2 protein chains.
Amino acid sequence: MPIDYKSSGVNLDAADNSLTRIKALVKTTRTSQVVGDVGLFAGAFRLPEGKAHPILMASTDGVGTKLRVAMMAGKYDTVGEDLVNHCVNDLLANGAEPLFFMDYYGCGRLDPEVQEEVIKGLVRGCRNNGVALLGGETAEMPGFYGDDEFDLVGSIVGWSSEEDMILGKDIKPGDVILGLPGNGLHTNGYSLARKVIFEHAGLKVDQFVDELGGTMGDALLAVHPSYLEVVRAIRKEVTIKGIGHITGGGIEGNLNRVLPEGCKLKIDYGSWDVPPIFNLIQKLGPVDPQEMKRVFNLGVGMAMVLDKAEALQIRDKVFAGYRLFNVGEIHKS
Amino acid sequence: MPIDYKSSGVNLDAADNSLTRIKALVKTTRTSQVVGDVGLFAGAFRLPEGKAHPILMASTDGVGTKLRVAMMAGKYDTVGEDLVNHCVNDLLANGAEPLFFMDYYGCGRLDPEVQEEVIKGLVRGCRNNGVALLGGETAEMPGFYGDDEFDLVGSIVGWSSEEDMILGKDIKPGDVILGLPGNGLHTNGYSLARKVIFEHAGLKVDQFVDELGGTMGDALLAVHPSYLEVVRAIRKEVTIKGIGHITGGGIEGNLNRVLPEGCKLKIDYGSWDVPPIFNLIQKLGPVDPQEMKRVFNLGVGMAMVLDKAEALQIRDKVFAGYRLFNVGEIHKS
C-alpha cells in the first residue's frame with residue numbers, strides 16, 4: 001500500500017481546519033499598518049510615520065513550562081496572552097513600543113480545537129496591546145513532541161529612537177528603584193514551582209488553597225500583565241533611566257543587566273508585600289530564600305530606576321491603575 | 001532537603017556555559033545597524049536609510065523534523081543554516097531584503113555543546129546572508145521535550161517598499177514560470193521521507209546509496225539554499241511578477257498562493273530533472289506521484305512568474321551560479 005503524508009503522522013486536513021479557524025481570529029488584530037492579506041510568505045507591515053531615524057527593537061520568547069500547568073488544567077486560552085504581554089514588556093524595558101507579533105506553534109498531533117484556544121489568547125493579547133498578529137507557523141512534528149504536547153513561541157517587533165531608548169546609561173548612585181506590582185509567577189520559574197507544588201507537596205491543579213483565595217491552577221495561570229499603559233503614562237511625567245523586566249534571574253539578575261560601571265543594587269527585600277503564591281512555594285519546598293530571589297520575581301513585575309527627586313514626585317500617584325512601591329536604590333560599587 | 005531550580009531540572013550553570021559560547025559566535029554577525037550589546041531585553045537595529053516609506057516584512061518558521069535526521073546523524077551544525085536560508089527565501093518571495101534574525105532553542109536538557117553546534121549553523125547562515133542575529137531565547141523545559149530533544153525556531157525581519165514588493169498582482173495568462181534548482185528536500189516533507197526511508201525501507205542514516213552518490217544522511221541534510229544573490233541578480237535585469245517559495249504544499253500549493261483571479265497554473269512536470277532523492281523516496285514507498293507533488297519541491301527551490309518576453313531574455317543565462325529552467329506557464333482559469 002502506498003505511504004502518504006497522513007500515514008506518516010502529518011494531517012494536512014487538520015492543518016486546513018485549524019488554518020480556517022485561525023484566519024478569522026488573526027484578522028481581528030489587523031491594524032491600518034498591515035499590508036496585504038494573510039497568506040503571503042512573509043507578513044508585511046508599513047512602518048508608521050513620525051520618527052526620523054527609527055530603531056527597530058525585537059525579542060523572541062516562549063511561555064516555558066507554564067504550558068504544562070495550562071495542559072493540566074485544560075485551560076488553553078491564556079498562555080498566548082502571557083506570551084504577548086511578556087514580549088511587550090521586554091520591548092518596554094528598553095524603551096520601545098510594540099508594532100507586530102508572530103507566533104510558532106509546534107506540536108505532536110495537531111488538535112485544531114486546542115490550537116484555536118491558544119490563538120484566542122494570543123489574539124486577545126495582541127488586541128489589548130494594539131499589536132498586529134502578522135504571521136505564524138504551525139508545525140506538526142509527530143514523534144518529536146508527545147501526542148498532546150505543544151510548545152508556543154513568539155517574536156515581537158517594535159520601534160524606538162535614539163532619544164526614546166532606555167539603556168540605563170545615566171543611572172548613578174543615589175537613584176531610586178520603584179516597582180510595578182506583579183500578579184504571580186508571570187512566565188518564569190514554573191519548573192521549580194511545579195516540582196514543589198505538584199510533585200513534592202502533591203497538591204492538585206483544581207485544589208482550592210486558602211492562602212491563595214482560589215485554586216492552585218488559577219493562581220499559577222494568572223496572566224502575565226502588560227505594563228504598556230502604565231509605562232507610557234509614567235514616561236509622560238518623568239524620565240525612566242533603566243528598567244528591569246523581572247523574569248528568570250529575579251530582581252537582581254535582571255536589573256544588573258542595565259547598570260553601568262560603578263553602580264550596584266541595594267534591594268530592600270521586605271519593603272513590599274510579596275504575593276502569597278511565593279510564600280507558599282517557599283514553605284512547601286522548602287526553597288532557600290536566596291534561591292527564591294534568583295528564580296522568581298517575588299511580586300515585582302518591572303523595576304524602574306529613576307532620579308530620586310523624580311521617584312518621590314511619582315511614587316504615591318496611580319498610573320493606569322497601578323500603585324508604585326519602593327524596591328531599593330542604587331549604590332556606588 | 002530544600003528544593004532548588006537545578007533539582008527541578010533547570011541547570012542555570014549549563015545555561016551560563018552555553019551563553020558564553022554563544023555570545024562570541026553571535027557577535028560575528030553584528031552589522032553596522034546593530035545598536036548596543038548582547039544582553040538587552042530586546043535587540044536593537046537601526047533601520048538603514050534609503051527608503052522613504054519602508055514596509056517591514058517578517059516571517060517565523062521552524063526546521064521541522066529535518067532536526068530528527070540531524071539527531072540521527074549527530075550532525076548539528078547545518079540545521080541553523082537551513083532555518084536562516086528558509087526564512088530569507090520567504091522574504092525574497094514577497095520582494096523583501098533581510099535585515100535581522102532571532103532564534104528560539106527549546107530543549108529537554110540543555111547540552112551546551114549541541115547548542116553551540118546549532119548556533120554555529122545559524123551564525124553561518126546569518127553571515128552568508130548579511131543578516132544580524134539580533135536575539136534569541138534558550139528554554140530548558142524538562143519533562144516537556146525528551147532529554148535529548150530540541151526544537152529550533154527562527155524569525156526574520158526584512159524590509160521592502162510599495163514599489164519593491166512582489167505580490168503577484170500583475171500575473172496574467174501567457175506568463176512563464178521559471179524555476180531555480182533546489183538541492184534536496186530543503187526543509188519540508190521530512191516526516192514522510194523518514195517514514196519511507198528509515199521505517200519502511202530500513203535504510204541507515206550513514207548508509208551509502210549509489211543513486212545519491214553519498215550517504216542517506218548527507219542527502220537528507222543538504223542545506224536549504226538561500227536564493228538571495230540569484231534573486232537580486234535577476235531583479236536587476238527583469239521584473240519578477242510573482243514568486244513561490246516551494247515548501248510544504250509543493251509547487252502548485254505554493255504558487256497558487258500568489259495567483260490573481262482568472263489565472264491558473266499549467267506545470268510541465270517532466271520538463272526538468274528531478275533530483276534522485278525524490279525518485280528514491282517515490283520508489284521506496286511507494287508514494288503516489290500526486291502525493292509526491294503535494295508534499296515535496298521536486299527540485300524546484302523557487303518558482304518565478306515572468307512576462308514571456310522577459311523569461312526568454314533571461315532563461316539561458318546564469319545568475320549567481322544558478323541556471324534557470326522551465327517549470328510551466330500561466331493559463332486562463
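These numbers were taken from a predicted model, which means no experiment stands behind them. A note on names: the letters A, B, ... follow the listed sequences, proteins ahead of strands, and every chain is numbered from 1.
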A.B. asks: Chain A heavy atoms under 4.5 Å from B:D103: which part of the residue, side chain, backbone, both or neither?
C.D. replies: backbone
A.B. asks: Which atoms of A:V287 come close to chain B, meaning under 4.5 Å heavy atom to heavy atom: side chain ones, backbone ones, both, or neither?
C.D. replies: both
A.B. asks: For each of A:S191, A:G244, A:G249, tally heavy-atom pairs with chain B at distances under 4.5 Å, and name the one with the top tally.
C.D. replies: A:S191
A.B. asks: Could you tell me whether the side chain of B:D151 and the main chain of B:G106 form a donor-acceptor pair under 3.5 Å?
C.D. replies: no
A.B. asks: Side chain, backbone, both or neither: which part of B:F150 has a heavy atom under 4.5 Å from chain A?
C.D. replies: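 B:F150 touches chain A through backbone heavy atoms alone.
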A.B. asks: Is A:F45 close to chain B through its backbone or its side chain, or both, or neither, when contacts mean heavy atoms under 4.5 Å?
C.D. replies: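 For A:F45, the contact with chain B is made by backbone and side chain together.
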A.B. asks: B:D4 versus chain A, heavy atoms under 4.5 Å apart: side chain, backbone, both or neither?
C.D. replies: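 Contact with chain A: backbone and side chain both.
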A.B. asks: Which bit of B:A58 is near chain A, if near means a heavy-atom gap under 4.5 Å: side chain, backbone, both or neither?
C.D. replies: both
A.B. asks: Contact part of B:L56 toward chain A, heavy-atom cut-off under 4.5 Å: side chain, backbone, both or neither?
C.D. replies: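 Looking at B:L56, backbone and side chain both touch chain A.
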A.B. asks: Non-hydrogen atoms of chain A under 4.5 Å away: do they reach the side chain of B:M71, the backbone, both or neither?
C.D. replies: side chain
A.B. asks: Has A:N94 got a side-chain atom pairing as donor or acceptor with A:I166's backbone, closer than 3.5 angstrom?
C.D. replies: yes
A.B. asks: Using only non-hydrogen atoms and a strict under-4.5 angstrom cutoff, which residues of residues 60-67 of chain A touch chain B?
C.D. replies: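 Those residues of residues 60-67 of chain A which have a heavy atom under 4.5 Å from chain B are A:T60, A:D61, A:G62, A:G64, A:T65, A:L67.
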A.B. asks: Checking heavy atoms, do the side chain of B:L92, its backbone, both or neither come under 4.5 Å from chain A?
C.D. replies: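 Neither part; nothing is under 4.5 Å.
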A.B. asks: Distance to the ring centre below 6.0 angstrom and angle to the axis at most 45 degrees; does that hold for B:R257 and A:F41?
C.D. replies: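 Yes, a cation-pi geometry holds between B:R257 and A:F41.
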A.B. asks: Counting only non-hydrogen atoms closer than 4.5 Å, does B:L284 touch chain A with its backbone (N, CA, C, O), its side chain (CB onward), both, or neither?
C.D. replies: neither
A.B. asks: For chain B, find which of A:R46, A:M165, A:E199, A:H53 contributes the most heavy-atom pairs closer than 4.5 angstrom.
C.D. replies: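 Of the candidates given, the most pairs with chain B belong to A:R46.
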A.B. asks: Which bit of A:Q33 is near chain B, if near means a heavy-atom gap under 4.5 Å: side chain, backbone, both or neither?
C.D. replies: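 A:Q33 has no heavy atom closer than 4.5 Å to chain B.
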